[in-house]
Structure formats: structure tokens, C-alpha cells
Protein chains: 2
Amino acid sequence: MLKPKIHTMEELSSAIGVSRPTLSRYFQDPSKVSRTSANRILSGLERVDYTPNFFATRMNRKTTGMIGVIIPYLNDLFFTRLLESIETAAMQAGYTVITQCSHADPAIEKRAAETFLSMNVDGAIVAPLGNHSDLQVYERLNDRLPFVLMDSRPDTLSDVDFVGTDHLQSTGAITEYMCRVGAPPVFLAMPRVNFNALEREAAYIKKMNELGFEPRVIGVDPIDKHDHFEGHGLAVLDDMFSRQELLDASFLCANDRVAIGALRAAAKHGLEPGALRRGGLRIAGHDDYPLCPFMTPTLTTVAQDVTAIGQAAVDRLLKKLRGENIDNNQVILLINGALKLRESA
Amino acid sequence: MLKPKIHTMEELSSAIGVSRPTLSRYFQDPSKVSRTSANRILSGLERVDYTPNFFATRMNRKTTGMIGVIIPYLNDLFFTRLLESIETAAMQAGYTVITQCSHADPAIEKRAAETFLSMNVDGAIVAPLGNHSDLQVYERLNDRLPFVLMDSRPDTLSDVDFVGTDHLQSTGAITEYMCRVGAPPVFLAMPRVNFNALEREAAYIKKMNELGFEPRVIGVDPIDKHDHFEGHGLAVLDDMFSRQELLDASFLCANDRVAIGALRAAAKHGLEPGALRRGGLRIAGHDDYPLCPFMTPTLTTVAQDVTAIGQAAVDRLLKKLRGENIDNNQVILLINGALKLRESA
DNA sequence: AAAAGTTTTTTACATGCGTCAATTATTGCT
DNA sequence: AGCAATAATTGACGCATGTAAAAAACTTTT
């Protein structure tokens with residue numbers, strides 16, 4: 001890099017003969033400056049190496065152009081897909097996304113929220129940690145910022161906007177499907193890492209009752225808080241199959257990662273789950289994890305519309321931070337899931 | 001939140017009767033202030049709501065305490081695991097990690113690098129995009145900052161530190177293993193998204209030659225730049241098996257995600273890859289993707305030591321930014337992979 | 001060519017906090 | 001109690017930019 005480094009706008013100003021305030025306006029929006037000035041600046045920037053200081057600009061602007069996003073896990077393709085759709089939507093709207101991962105730790109989540117506040121982000125989107133998370137963190141963000149909760153909803157929070165999947169619909173749909181084409185499913189719960197775990201369980205029970213079947217839930221050890229879903233599914237069903245129980249049952253797993261573990265347990269015991277073999281073992285999941293089509297057998301599931309959720313969360317946030325939030329009501333946006341019928345159920 | 005909001009240190013100073021510079025020192029390091037002052041501040045902070053402004057602090061400190069990380073994909077558990085180990089290591093050292101994902105776009109990668117520069121991050125770690133990425137970006141970062149490249153290495157860059165897996169060793173080891181317990185493997189390449197793709201291919205060929213076997217590579221369409229690895233593995237082998245070719249071959253896939261697609265292709269054609277059935281189809285991968293133990297059959301692979309790589313990258317970066325970089329030589333740290341023998345090969 | 005309108009520059013102040021030299025308070029010692 | 005030594009605090013200045021108002025330069029219109 002041969003260009004001389006210039007550190008401040010002041011220097012740049014005297015280097016290319018354009019006043020500093022004009023430069024300031026140029027860097028915020030080139031169209032706010034006359035054609036001639038813009039050209040002079042542009043050609044000047046080709047001779048020197050200068051970038052406005054990120055912090056100095058952000059400190060003084062009334063709007064930082066940044067939105068903060070907190071997700072609980074990074075090692076989960078569901079959340080990374082969600083993140084991607086948020087980043088895409090935000091980028092299109094001209095916003096920069098700052099991502100923080102709470103690593104399933106309420107303390108980290110709280111710190112991340114404080115960081116966002118101290119950065120004056122224009123708004124924040126959070127996928128909550130779960131039932132061991134500190135709801136005051138969300139309330140505080142909601143009080144101070146345009147704020148949207150995503151994916152999983154603590155039902156005790158009354159004034160917070162939310163975007164997520166309609167689990168009553170999605171879990172209901174797959175429950176109904178399973179009942180229709182085979183034995184009524186047993187629900188294989190997942191570690192209660194978030195509120196969705198309970199919502200799906202409740203949705204399953206409700207649908208089963210509606211259809212006149214007896215719901216049956218294989219619960220989880222409440223101590224078991226870790227997020228190793230596949231391991232959980234494998235361990236529970238391995239144990240079950242070893243005792244020769246439920247060898248030809250239908251399983252609806254609380255999510256696909258649990259289902260992947262379940263598939264493994266089946267294979268380990270020489271069982272071949274599948275929709276095609278009526279009367280035999282069946283396994284289905286929830287989410288449409290990207291690997292579902294590559295499992296053996298391919299995994300039947302309900303897709304969460306990740307793109308729509310991310311897009312809607314950003315849309316709602318933008319509406320709020322642009323002051324278009326005319327009616328100050330809480331908005332809860334529930335998006336339908338779509339059945340993905342494959343081989344396993 | 002009942003506590004009154006306080007925006008500046010100045011206000012806080014007059015609110016709790018401690019001078020502003022003292023407050024400044026307290027927030028940087030509470031131990032830099034006398035016991036009595038610390039207590040007074042602490043009790044004061046319980047009565048009001050104040051957080052130092054992120055930008056103002058960062059702007060003035062000579063060191064920002066932040067390190068920037070760029071990864072090419074978010075939808076890949078390998079990179080998220082890497083990220084996690086970096087975050088852990090950095091957090092322990094008291095640094096904040098700012099993550100940016102380039103989404104496989106050189107322009108975004110470049111912009112992310114510029115952002116880091118304008119933020120005065122103390123250092124940067126980058127996992128390169130691949131052979132269509134702009135090497136000048138890395139050179140520029142390396143000139144301006146403590147900088148470490150990670151995971152995949154452009155061999156034309158001569159003065160840039162690197163931490164990654166020793167593919168000659170890792171790929172060599174699994175090639176050797178496969179030759180030892182069965183038919184010499186065919187190499188199923190992956191889309192050439194990064195330099196590792198070529199390194200592994202070269203390592204395979206080298207080892208095969210060493211062992212006196214004829215290497216055979218199933219290449220990729222050079223146009224095919226997308227990152228849908230599973231789909232690639234599935235498509236290529238599905239096609240192959242449909243033509244009744246290589247039905248009982250040994251496949252070494254360039255990474256696990258390709259291998260997962262390969263497993264699916266095998267299952268689709270009623271084939272059962274496995275180490276136990278000598279003489280039959282075998283499939284192995286590379287990386288130890290977290291889902292390997294849950295595939296059917298479980299996937300034999302070579303694990304990249306993600307934790308060690310992340311830790312080493314951070315260690316090296318810290319050494320550089322602390323000025324302990326006594327010998328100014330380029331450091332290339334290659335970490336061994338470990339065979340994970342499972343069912344599939 | 002003068003008036004009116006537009007854009008740019010200048011000037012001056014603001015932002016929130018880091019930092020250092022100078023000052024003040026505290027402690028230890030006799 | 002008095003003094004020196006040490007620790008803590010404070011005042012004043014700096015950082016890189018945003019922003020508003022007033023002055024100056026340039027364009028367009030008549």
C-alpha cells in the first residue's frame with residue numbers, strides 16, 4: 001500500500017482542499033455534496049488512504065445505523081440461518097448488524113444487552129435464551145430501544161413484540177399428519193432450553209386430545225440443561241429400544257436435532273423407520289434442519305420459515321425505529337410452518 | 001426500571017460526589033481507585049442507571065480491547081465451532097470479539113476488513129474466503145494490524161502468520177488408513193471454495209504415490225462455486241451409482257459435508273458403506289463435523305482440532321499485539337488431525 | 001448585469017470520555 | 001503532634017467527528 005495514511009478529516013481537508021464539514025457530509029451521504037466537490041473528494045481519496053473513524057462518527061450521529069442481534073447458540077444451523085436472513089434484510093435496509101452470542105449463559109446475554117445500550121444501537125432483536133434467562137433484560141431493552149423478540153417467546157412478557165413460528169399450527173400439522181397415516185405419535189421432548197420446547201409439547205397434547213388420542217410424552221430430566229440435542233435423542237431412545245420398548249412406535253421429536261439422534265438410535269438397533277412401511281417405527285422432527293434431506297432415512301419434519309421470520313423481525317424493527325409505530329400495541333407475528341414429507345414418517 | 005437514567009460521567013460525577021476522572025479510572029479498572037472511592041461509586045451505581053458510552057471510551061483509549069474475526073460462512077458448523085473457540089480464548093484474555101461473516105462475497109470481506117481498521121481493533125483473525133478472494137485485503141490488514149490467518153492458507157502470501165490443520169498429515173493419515181484396511185480410496189473433491197480443497201487433494205495424491213497406488217480424483221466443475229457440499233456429494237455419487245460405477249469403491253471425501261451427501265447417495269441406491277464389510281463400499285470424510293457420530297453409518301473421518309486452532313490463533317495474535325513478537329518471522333502453525341474411526345470406513 | 005437562489009465554507013460549539021501534570025488527601029513514622 | 005512519603009483526586013486539555021448558524025462563493029434567472 002503506497003498511499004500515505006491520513007488519520008483525521010482535518011488532515012484530509014487540507015490535503016485535498018475541501019472543508020472538513022463538507023467532507024463530513026460527503027461521508028454520510030455523497031449526494032449531499034455538490035458534483036464538483038464530490039469529484040474533487042473522490043479523486044483525492046485515490047491518492048491517500050483514509051477511512052473515517054468508526055467510533056467518532058458513531059458517537060456523534062443521532063442514529064448509529066446499527067442493529068444488535070443476540071442469539072443463544074452459534075453451533076446450531078437453525079440460528080445461523082436465522083442470523084443470515086436477518087443480516088440480509090438489515091443490509092438491504094442499509095443497517096449494520098452487530099451479532100452477539102450468549103452461549104446459553106444469562107450473564108453473557110445480559111452483558112451483550114448492556115453493550116448494545118452503551119453503543120446506542122438503533123434497535124435490537126433477540127432470540128431468548130430460555131426459561132433460565134433473565135426476563136428483566138428483555139424488558140429493559142424494550143423500554144430503551146425499538147426491540148423485537150424472536151423465535152421463542154416468554155409468555156409473561158406483555159408489551160414486547162415477537163416474531164416466530166406458530167407452533168400450535170406447525171406442531172399441530174405434523175401431529176395430525178402422523179395420526180392420519182399411522183399410529184398416533186409419542187412426543188419425544190427436548191431439553192428445555194427455551195420456551196418453544198414447552199410450546200411444542202403443549203401443541204402436541206392439544207392436537208392429540210382434539211383427535212381423540214391419548215398423548216404420551218417422553219420427558220426430560222429437568223436438570224438436563226445442555227444443548228446436545230442429538231445426544232439426548234440417541235440416549236433416550238437407545239435406552240428405550242434396549243428394553244424392547246416402543247420398537248414400532250411413531251415418534252414426534254421436539255426438534256430435528258433430537259430426531260437425528262433418534263434416527264441413530266433406531267439404526268443402532270437395526271430398526272428402519274419409515275413412512276412407507278406401515279405399522280412400523282416412524283420418526284419425525286421439527287424445524288427442517290438443513291441436513292434433513294441427507295439423513296438416512298430422509299427426515300420428515302415441519303419447516304420453520306426462517307427467511308420469513310428474519311425478514312419479519314427486521315421489518316417490524318425498522319417500522320418501530322422509524323417511528324411508524326402508530327398504534328403502540330404489542331405485535332405478535334406467528335408464521336406458519338410447512339410440512340416436509342420425507343421417508344422417515 | 002425505576003432508577004433514573006444518567007447519560008454522562010459528568011452527571012454521574014455530580015450525582016454521587018466523585019470526580020469524573022476518578023470515575024473514568026474506576027470503569028477501566030476498579031482497582032485503580034481507592035477502596036473508599038470504589039465503595040462510594042458502587043453504592044452510587046445502585047441508585048442510578050449508568051453505563052459508559054461504548055464509542056466514547058473506545059475512541060479515546062489507545063487500545064480498544066477488541067479483536068476482529070472474519071469467517072466466510074455462518075451456515076457451517078465447522079466455522080461456528082472455530083468461532084466459539086476463538087471467542088472463548090479471547091474472552092479469557094479479556095478481549096471482546098467482533099465477528100463479521102463475509103457470506104462468500106469478496107466485497108463484503110473487504111468491507112469488513114475496512115470496518116475493523118476504522119474501529120482500531122487491536123488485532124484481526126481471518127478465515128479466508130478462498131481462491132476468489134482478494135489477497136490485498138489480507139496484506140493490508142497484515143500491514144496495519146497484528147494479524148493472523150486461519151483455517152485456509154493462500155500460499156502466495158509470504159509474511160502472514162497462519163494457524164490451521166496440517167492437511168498433509170491429516171489427509172495423509174486417513175488415506176493411509178483406508179489403504180491399509182481396504183481398497184485404496186478414490187478422492188471425492190469438493191467445490192473449490194478455499195485453498196484447503198486443493199491442499200487435501202494434493203495430500204491425497206502424494207500419499208497414494210508414496211504407497212504405490214494410483215490416485216484417482218473425482219473432480220468438480222470449476223464453475224461450481226456454491227457451498228452446498230452435501231448436495232454436491234449426493235449429486236456426484238448418485239450419478240455415479242446410477243451408472244453402476246464404483247459401487248464397491250472406497251471414497252475419501254474432501255470434507256464431512258460432502259461425505260454426508262455421499263452417504264445419502266449410497267443409501268439411496270441400497271448400498272451399505274462400512275468398514276466391517278470388507279470388500280464393500282466405504283466412505284470417509286474430513287473435519288469431524290459434529291454430526292458424524294449420528295449418521296448412519298457413523299462417519300469415519302479425521303478430526304480437525306478446532307479448539308486448538310482457535311486457541312493458537314488467539315495466542316499468536318495476543319503475542320503479536322503485546323509486542324512479544326521478538327523474532328519478526330512468519331509463523332505457520334500446522335496442527336495435526338486425529339483419526340476418528342467409525343463405521344463407514 | 002443585477003437580483004435571487006443555491007451551495008459551500010467558515011466559525012464555533014458539542015459529544016463523552018482518556019490522560020497527564022498539578023494538587024490535595026491520606027498514611028506511616030518518629 | 002508534626003513531617004515526609006505516598007496515594008488519590010482534580011483541572012485542563014485532547015480525541016475525531018457531528019452540527020447549526022452565519023458568511024461567502026457560485027449559478028441561475030430576468
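Note: hydrogens, waters and symmetry copies are ignored here, and every other heavy atom, side chains too, is used. Bear in mind the structure is a predicted one, so any value in this text is a computation, not a measurement. Order of the sequence lines fixes the chain letters, A, B, ..., with proteins taken first and strands second; residue numbering starts at 1 for each chain.
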How about B:Lys5: does its NZ atom have over 12 heavy atoms from other parts shown lying under 6.0 Å from it?
yes
side-chain N/O A:Thr22 vs C:dT9 OP1/OP2, d < 4.0 Å:
yes
Only pairs at least two apart or in different chains count here, so list each ring-ring contact (aromatic ring centres under 6.0 Å, His included) that has a residue in residues 137-161 of chain B.
none
Have a look at B:Thr36 and say if it touches a base, only the backbone sugar-phosphate, or nothing, with a 4.0 Å heavy-atom cut-off.
nothing
Under 3.5 Å, N/O pairs linking protein and nucleotides 21-26 of chain D:
none

A:Asn120 CG to D:dG18 P, in whole Å, measures 15 Å
Contacts of B:Ser34 meeting side chain to side chain contact (heavy atoms under 4.5 Å, CB included) (sequence neighbours excluded), chain-then-number -> B:Thr36, B:Ser37
Backbone N or O of A:Met59 within a donor-acceptor pair of the B:Asn53 side chain at under 3.5 Å?
no
Output one letter per nucleotide in nucleotides 12-23 of chain C: B when a protein non-hydrogen atom lies under 4.0 Å from the base, S when only the sugar-phosphate is that close, - when neither is.
B--BBBBB----
Looking at the rings of A:Phe195 and A:Phe162, which for Trp means the six-membered one, are their centres under 6.0 Å apart?
no
Below 3.5 Å, can you tabulate the donor-acceptor pairs from side chains in residues 118-130 of chain B to any protein atom, sequence neighbours excluded?
| from | atom 1 | to | atom 2 | distance (Å) |
| --- | --- | --- | --- | --- |
| B:Ser118 | OG | B:Thr115 | O | 3.1 |
| B:Asp122 | OD1 | B:Thr63 | OG1 | 3.3 |
| B:Asp122 | OD1 | B:Thr64 | N | 3.1 |
| B:Asp122 | OD1 | B:Thr64 | OG1 | 3.3 |
| B:Asp122 | OD2 | B:Thr63 | OG1 | 2.7 |
| B:Asp122 | OD2 | B:Gly65 | N | 2.8 |

Taking only Lys NZ, Arg NE, NH1 and NH2, and the carboxylate oxygens of Asp or Glu, determine whether A:Lys319 and A:Asp161 approach each other closer than 4.0 Å.
no
Separation of D:dT19 P from A:Tyr26 OH (nearest whole Å):
18 Å
Those residues at least two apart in sequence (or on a different chain) that pass salt bridge (Lys or Arg N to Asp or Glu O under 4.0 Å) with B:Glu11 are none
